[in-house]
Asks: 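Got a structure here, written out as structure tokens. Questions coming.
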Amino acid sequence: QVQLVESGGGLVQAGGSLRLSCAASGRTFSSYAMGWFRQAPGKEREFVAAISWRGVNTYYANSVKGRFTIPRDNAKNTVYLQMNSLKPEDTAVYYCAAGPAPLTLSHEYDYWGQGTQVTVSS
């Protein structure tokens with residue numbers, strides 16, 4: 001069992017940066033791939049980024065490639081989402097998730113956090 005708690009969301013102007021954190025409970029964090037997803041009002045949840053359990057492989061949605069990174073610190077049981085050059089269209093609730101592989105489909109993940117709101121003003 002893994003419990004995930006996101007933090008770091010907030011209001012930022014376009015062009016700014018935010019770093020989201022996802023703290024995991026349990027001693028098996030390092031054995032899970034981690035992903036970030038987001039959901040804007042009236043839209044489906046979409047993949048943002050994922051990282052393999054050792055942090056060797058990372059994957060990004062085309063919409064965030066070059067602007068977002070997804071580092072993880074297994075010693076701290078934490079995965080991050082560093083978001084730079086933010087745009088108004090990045091506004092959404094951001095969720096972290098844990099699963100067996102760094103996949104892009106939400107149903108492939110077993111555990112989810114409660115989400116944190118990110119709002120980017122123009």
Side-chain angles (χ1 to χ4, degrees):
Q1 189 81 5
V2 177
Q3 293 184 327
L4 305 172
V5 179
E6 302 99 332
S7 61
L11 174 64
V12 63
Q13 289 188 333
S17 297
L18 278 177
R19 188 179 78 159
L20 306 183
S21 299
C22 174
S25 64
R27 293 175 292 178
T28 60
F29 171 78
S30 60
S31 65
Y32 285 93
M34 299 297 296
W36 284 96
F37 290 76
R38 66 187 182 186
Q39 188 166 18
K43 295 188 177 181
E44 293 187 353
R45 189 170 298 188
E46 66 174 0
F47 169 76
V48 176
I51 187 168
S52 58
W53 66 277
R54 289 180 62 187
V56 173
N57 299 307
T58 56
Y59 306 89
Y60 298 94
N62 288 335
S63 59
V64 306
K65 199 171 295 184
R67 300 188 297 124
F68 291 11
T69 58
I70 181 172
R72 68 185 293 165
D73 185 339
N74 286 344
K76 295 182 178 180
N77 281 8
T78 302
V79 63
Y80 305 94
L81 186 67
Q82 178 65 46
M83 305 185 293
N84 300 325
S85 302
L86 282 161
K87 305 175 181 179
E89 51 264 43
D90 294 318
T91 295
V93 177
Y94 283 71
Y95 299 89
C96 69
L103 301 174
T104 63
L105 300 177
S106 59
H107 69 261
E108 299 285 352
Y109 289 81
D110 300 317
Y111 303 102
W112 291 83
Q114 82 289 347
T116 186
Q117 176 71 46
V118 172
T119 303
V120 184
S121 63
S122 57

Asks: How many angstroms lie between atom OG1 of T119 and atom CG of D90, to the nearest 0.5 angstrom?
Replies: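 Reported value, rounded in 0.5 Å steps: 11.0 Å.
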Asks: Check S63 against R38 and note the closest heavy-atom contact, atom names and distance.
Replies: OG-NH2, 3.5 Å
Asks: Check I70 against I51 and note the closest heavy-atom contact, atom names and distance.
Replies: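 That would be O-CD1, 3.0 Å.
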Asks: Can you check whether A92's main-chain N or O pairs, donor with acceptor, with Q39's side chain at less than 3.5 Å?
Replies: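 It does not hold such a pair.
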Asks: Does atom CD of E46 have more than 12 heavy-atom neighbours, drawn from other residues, nucleotides or ligands, at distances under 6.0 Å?
Replies: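 Correct, the count exceeds 12.
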Asks: Would Y80 end up clustered with V118 when hydrophobic side chains under 4.5 Å apart are linked, directly or stepwise?
Replies: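 Looking at the clustering, V118 is in a separate group from Y80.
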Asks: Is the distance from the ring center of F37 to that of Y109 below 6.0 Å?
Replies: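 For F37 and Y109, the ring centres are under 6.0 Å apart.
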Asks: Once you round to the nearest 0.5 Å, how far does CD of E6 lie from SG of C96?
Replies: 4.0 Å
Asks: Can you name the nearest heavy-atom pair linking T69 to Y60, along with the distance?
Replies: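 The answer is CA-OH, 3.2 Å.
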Asks: Write down the atom of L103, the atom of F47, and the distance for their closest heavy-atom approach.
Replies: O-CE1, 3.7 Å
Asks: For S7, does its backbone N or O pair with a side-chain atom of T116 as donor and acceptor, under 3.5 Å?
Replies: no
Asks: Taking all non-hydrogen atoms of both residues, which atom of Q82 and which atom of S17 are closest, and how far apart?
Replies: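 Smallest heavy-atom distance, with atoms named: NE2-CB, 4.1 Å.
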Asks: Once rounded to the nearest 0.5 Å, what's the spacing between atom CH2 of W36 and atom SG of C22?
Replies: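 Going from the CH2 atom of W36 to the SG atom of C22 covers 5.0 Å.
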Asks: Quick check for you: to the nearest 0.5 Å, what is the distance between S30 atom OG and D73 atom CG?
Replies: 11.0 Å
Asks: Is the backbone N or O of G55 less than 3.5 Å from a side-chain atom of R72, with the two atoms forming a donor-acceptor pair by type?
Replies: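 Such a contact is absent between R72 side chain and G55 backbone.
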Asks: Could you measure the distance from the CG atom of L4 to the CZ atom of F29? Nearest 0.5 Å is fine.
Replies: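 Here the interatomic distance stands at 8.0 Å.
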Asks: Atom CE in M34, atom CG in L81: separation rounded to 0.5 Å?
Replies: 11.5 Å
Asks: Between A101 and A33, what is the shortest heavy-atom contact and its length?
Replies: C-CB, 3.2 Å
